[in-house]
Amino acid sequence: MEHAKVKTSYPLGATLRRMLQNAARQNPKLFLYCGIYTVTAAVYPFFAVLLPKVILGELEKGTGARPEAVLQIGAGFFLLAGLFGFIRTFLKHWPYSKLSLLRLDYVRLSSVKVMEMAYPHCEDAAFNEKYDKAFIATQSNNNGVEGIYHKLYEMPAVVLTVLALSVFIGSLSLPVLLGLFLNLAAVVWISRKSHNFRYERKEEEAKLRRKVGYYNQVSGDFTYGKDIRMYRMKQRILENTSGEIIKYRNLNRLLAGKEYRLGFVGLTTALISDVLIYGTLIWHTMRGMSIADFSMYLTAALTLSAYLKQMAEQFSFVVNEGQYVHEMYRFLDLDMGEKGGNHPAIEKDTLEVVFDDVSFRYPGSETYIFRHLNLTIHKGERLAIVGINGAGKTTLVKLMMGLFDVTEGEIRINGIPLREFDKKALYSMFSAVFQDVNTMAFTVRENVAGCLEGIDDKRVADVLEQAGLTRAVEALPKKTEQMMLKVIEEDGALLSGGQNQKLAIARALYKDANMVVMDEPTAALDPLAEAEIYENFSSLVKGKTAVYISHRLASTRFCDHIALFDKSGLKEYGTHEELMALRGSYYEMFTVQGKYYTQAGTNSGAGEEKRPENQRPEGQEKKEQGRQKQESREAETEETCHE
C-alpha cells in the first residue's frame with residue numbers, strides 16, 4: 001500500500017523548552033528535587049564498580065589479608081550504597097503525582113480546545129484522524145507529555161554517570177569506548193527509523209482503530225440490542241469487525257516486521273562492542289593487569305554499556321514522543337475559529353436576524369443548501385420554519401447561531417455582521433432546543449442550569465413547571481438533586497424521550513437568552529403534552545424573537561409567520577391564513593396532516609381529528625378494507641385448493 005510522505009522532523013528544542021517552562025511555572029520545586037536526585041543517582045553505580053576492586057585488592061595480600069578489614073569494607077560500602085539507593089529510589093518516585101498533574105493540565109487544555117473550537121470541526125468525520133497524534137500526547141502516564149517529563153527528570157543522572165564512566169574507560173582503551181558508542185548510535189538510529197515508519201502510518205492506524213472501536217461499541221451497547229435481534233444484524237457486525245481486525249493485524253505485522261529486521265543492526269553492533277570489551281581486558285590481563293583491576297574495569301565497562309543503552313532509550317523516547325507533544329502544541333496553538341470577532345453580546349434586547357443574499361454549502365461538499373437566500377426575522381417575531389426533510393431547516397438555525405459560517409453573503413444580528421461577534425458572546429444570545437437531546441451525567445438542577453455553581457433553585461423549579469416536568473422530577477428519590485444517567489452513579493435516573501425533551505426546554509428557559517430557537521422540540525412528546533407546549537408557547541418565549549422548526553404543521557398556528565423551505569430554498573412565506581389561501585405546498589402539507597391532527601383548541605384534544613359519530617377513522621377504515629381483502633383472498637385460495 002502506497003503512503004504519502006509524512007514530515008517527521010520537528011523543533012525538538014523548542015518543544016522541550018516549552019515543556020520545561022510549563023513545569024517551572026506550575027511546580028518549580030521539581031527542579032530542586034531533580035538536582036538532588038541527579039547527584040545521588042549518579043554516585044550510586046560507582047559503589048558496584050569500586051567494591052570488587054577494594055575487596056579483591058585486600059584478598060590479593062594473601063596471608064596478610066585481614067578478614068575484619070574485608071567485613072568493614074563490605075559493611076561500609078553496603079551502608080553507603082543503601083543510603084544513596086534509598087534517596088535515589090525515593091526521589092525517583094516522588095514526582096510521579098506532580099508530573100501526572102502536569103499531563104492532566106494539558107488534558108484540560110485540549111478538552112477546552114475541543115469544546116470551544118468552531119462547530120464545523122465537530123461534524124468533520126476525519127477530525128479524529130487529523131488530530132489523533134495530538135491526543136496521543138496525553139493518553140497515559142507512560143507516553144507523550146508525562147513520559148517525557150519522567151525521562152527529563154531521570155536523564156541528567158544517566159548523562160552524568162555516562163560521562164564519568166566514559167572518562168574512566170577511555171583512559172584504559174579508546175577502542176572499547178568507541179565500540180560502546182557505536183552501539184549507542186545504532187540503538188538511537190534503529191529507534192528513530194522504527195518510529196518514523198510507524199508515525200507515517202499513524203492516520204491509517206487511527207482510522208482502523210476507530211472502525212474496530214465502533215463495531216465493539218455497537219456489539220456491546222444494549223441500546224442496539226433490539227435492532228440487532230429484529231433485523232439479524234449480528235452476522236454483518238461480526239463480519240465487519242473481523243475484516244477490520246484483520247486489516248489492523250496486518251498493519252501491526254508490517255510494523256513489527258520492520259522493527260524485527262532493524263534489530264539485526266543493533267545485534268551486530270552489540271556483538272562488536274562485547275568483543276572489544278572482553279578482548280581488550282583479556283589482553284591487558286595477559287600483560288600484567290591485576291584481577292582486582294580487571295574486575296573493576298569489566299564492571300565499569302558493563303555498567304557503562306547498560307547506562308549507554310538506557311541513555312539511548314531515553315533519548316530516543318524523548319525524540320519520538322516529543323513529536324506527539326509537538327503535535328499537541330500545534331493543535332493548542334491552532335486557530336480553529338473558537339474566538340470569532342470581538343463584538344460583545346447584545347444585552348437587554350431581543351434580536352433581529354437578517355439573511356442577506358446568503359449562499360451556503362457544507363465544508364468539503366459541492367452541493368449548495370441555500371443559494372441567494374434573503375430572509376428577515378423581525379424583533380419579537382415568532383417564525384415557524386417548515387418543509388420537507390433535507391430542505392435545510394436545521395442548517396438555517398446553525399447559520400443563524402454562528403455554528404457554521406456562510407459561504408457567500410452575510411448574516412446580520414441587530415444590524416451587526418454575525419462574523420464580528422465573539423463566539424462565546426454569540427452563543428450566549430440564543431436559548432436553543434435541538435433535535436437530538438443530550439442529557440449530561442449531572443444532577444437534574446445542574447442539567448437545567450447548565451452549570452455547577454450559582455444555581456437559582458427557585459428559577460429551576462419555575463422552568464421545570466413551565467416545561468411540564470415537575471411531576472416527573474418530584475417522583476425521583478432525590479428530586480432535583482437526582483443524578484442523571486447511570487454512567488457516574490449506579491442509581492442515576494433515566495428519563496423517557498419525551499421527558500428528556502422537556503428537560504431540554506427547561507434548560508433553554510432557564511438560560512433566558514435574547515432569542516429562542518426550537519428545532520423539533522416536541523418530536524418525542526405525546527399529542528397532549530405537545531398541545532400544552534403549543535398553548536404555553538407565547539408565555540415561554542416572553543415576547544422574544546423565536547424560531548420554531550417542526551414537521552407538525554399544527555404547531556404553526558401560534559406563530560406570526562411561516563417560512564416553508566424545499567430543496568430549492570425558501571419557497572413560501574406568510575401567515576397561516578395567507579399560505580392556506582395561496583393553495584401551494586404549505587396548503588397541501590397542512591391538508592394531508594389535517595387528516596391526523598386537529599387544529600389547536602378542539603375539544604377532542606391534540607392529535608385527534610373531529611369527525612361525525614357514524615364515521616370511522618380513516619386508519620380503521622383502511623384496516624377494515626384490508627381485512628376484507630385478506631378474507632377474500634383466503635376464500636379464493638381455499639376454493640382453488642378444493643378444485
Side-chain angles (χ1 to χ4, degrees), residues 10-49 84-103 106 137-138 140-170 177 180-192 194-195 266 300-326 328-329:
Y10 71 99
L12 174 63
T15 302
L16 297 181
R17 183 164 57 252
R18 188 167 174 178
M19 290 184 68
L20 292 172
Q21 288 171 348
N22 179 62
R25 183 170 58 254
Q26 296 205 39
N27 195 338
K29 287 184 179 179
L30 282 169
F31 293 88
L32 172 63
Y33 286 98
C34 178
I36 300 172
Y37 168 79
T38 298
V39 173
T40 54
V43 170
Y44 182 75
F46 286 93
F47 290 109
V49 172
F84 275 78
F86 171 78
I87 297 172
R88 184 193 70 159
T89 303
F90 174 79
L91 291 177
K92 181 178 180 180
H93 293 93
W94 174 85
Y96 272 45
S97 60
K98 282 73 177 175
L99 298 180
S100 289
L101 288 176
L102 294 179
R103 175 180 66 87
Y106 282 118
T138 55
S140 76
N141 307 85
N142 303 317
N143 73 316
V145 169
E146 190 170 344
I148 290 178
Y149 274 129
H150 281 295
K151 301 304 179 189
L152 292 178
Y153 186 87
E154 298 167 12
M155 277 182 70
V158 175
V159 171
L160 199 59
T161 303
V162 165
L163 288 175
L165 289 172
S166 295
V167 172
F168 186 66
I169 296 296
L177 189 62
L180 289 169
F181 275 91
L182 174 65
N183 189 41
L184 168 70
V187 170
V188 173
W189 180 80
I190 290 168
S191 177
R192 284 299 293 159
S194 299
H195 169 78
L302 295 177
T303 302
L304 178 58
S305 177
Y307 270 79
L308 281 172
K309 183 180 179 182
Q310 185 179 348
M311 187 174 74
E313 290 173 349
Q314 290 179 338
F315 177 75
S316 298
F317 181 92
V318 169
V319 174
N320 295 342
E321 293 297 319
Q323 203 150 15
Y324 298 113
V325 177
H326 171 67
M328 180 195 70
Y329 281 134

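- A distance-only check finds a donor-acceptor pair linking the side chain of Y149 to the backbone of M19 [under 3.5 Å].
- One distance of note links CZ of R88 with NE2 of H93; it measures 9.5 Å at 0.5 Å rounding.
- Distance check: L304 CG to L180 CG gives 5.0 Å after rounding to the nearest 0.5 Å.
- Considering all non-hydrogen atoms of both residues, E154 and Y37 come closest at CA-CE2, 3.9 Å.
- The backbone N or O of A312 sits less than 3.5 Å from a side-chain atom of S316, completing a donor-acceptor pair.
- In this structure the side chain of L102 reaches within 4.5 angstrom of the side chain of L99, judged on heavy atoms.
- I190 places a side-chain heavy atom less than 4.5 Å from the side chain of S194.
- A donor-acceptor pair is defined here as one N or O able to donate and one able to accept, closer than 3.5 Å; such a pair exists between the side chain of T38 and the backbone of C34.
- Contact check for F46 versus L165: side-chain heavy atoms found under the 4.5 Å cut-off.
- Considering all non-hydrogen atoms of both residues, N141 and S100 come closest at ND2-OG, 3.3 Å.
- In this view, S140 and N143 satisfy the side chain to side chain donor-acceptor pair (under 3.5 Å) rule, not counting sequence neighbours.
- H326 contributes atom NE2, which lies 10.5 Å from atom CG of L12 (distance to the nearest 0.5 angstrom).
- I148 places a side-chain heavy atom less than 4.5 Å from the side chain of L16.
- In this structure, T89 contributes its side chain and F86 its backbone to no donor-acceptor pair below 3.5 Å.
- Minimum heavy-atom separation, Y33 to L91: CD2-CD2, 3.6 Å.
- A donor-acceptor pair is defined here as one N or O able to donate and one able to accept, closer than 3.5 Å; such a pair exists between the side chain of Y10 and the backbone of V319.
- Closest of all the heavy-atom pairs between R103 and T138 is NH1-O, 3.1 Å.
- Counting heavy atoms from C-beta outward, M155 and V318 have side chains that approach closer than 4.5 Å.
- Applying the side chain to side chain donor-acceptor pair (under 3.5 Å) test to Y329 and every residue at least two apart in sequence or in another chain returns Y106.
- Ring geometry for F47 against Y44 counts as perpendicular: the plane angle is over 60°, on a 0 to 90° scale with 30° as the lower cut.
- Between the side chains of S191 and E313, no donor-acceptor pair of N or O atoms lies under 3.5 Å.
- Partners of F315 under the ring pair (Phe, Tyr, Trp, His ring centres under 6.0 Å) rule, at least two apart in sequence or in another chain, do not exist in this structure.
- Contact of the P95 side chain with the Y153 side chain is registered, since non-hydrogen atoms from C-beta on lie closer than 4.5 Å.
- Across all non-hydrogen atoms, the minimal contact from L20 to F31 is O-CZ, 3.7 Å.
- By the 6.0 Å contact criterion, NZ on K151 is enclosed, its count of non-hydrogen atoms from other residues, nucleotides or ligands being greater than 12.
- How far CG of L30 is from CG of L152: 11.5 Å, rounded to the nearest 0.5 Å.
- No side-chain heavy atom of Y307 sits under 4.5 Å from any side-chain heavy atom of L160.
- Residues E321 and G144 share a closest heavy-atom pair of OE1-N, 2.9 Å.
- Applying the 6.0 Å contact sphere to OH of Y96 captures more than 12 heavy atoms from other residues, nucleotides or ligands.
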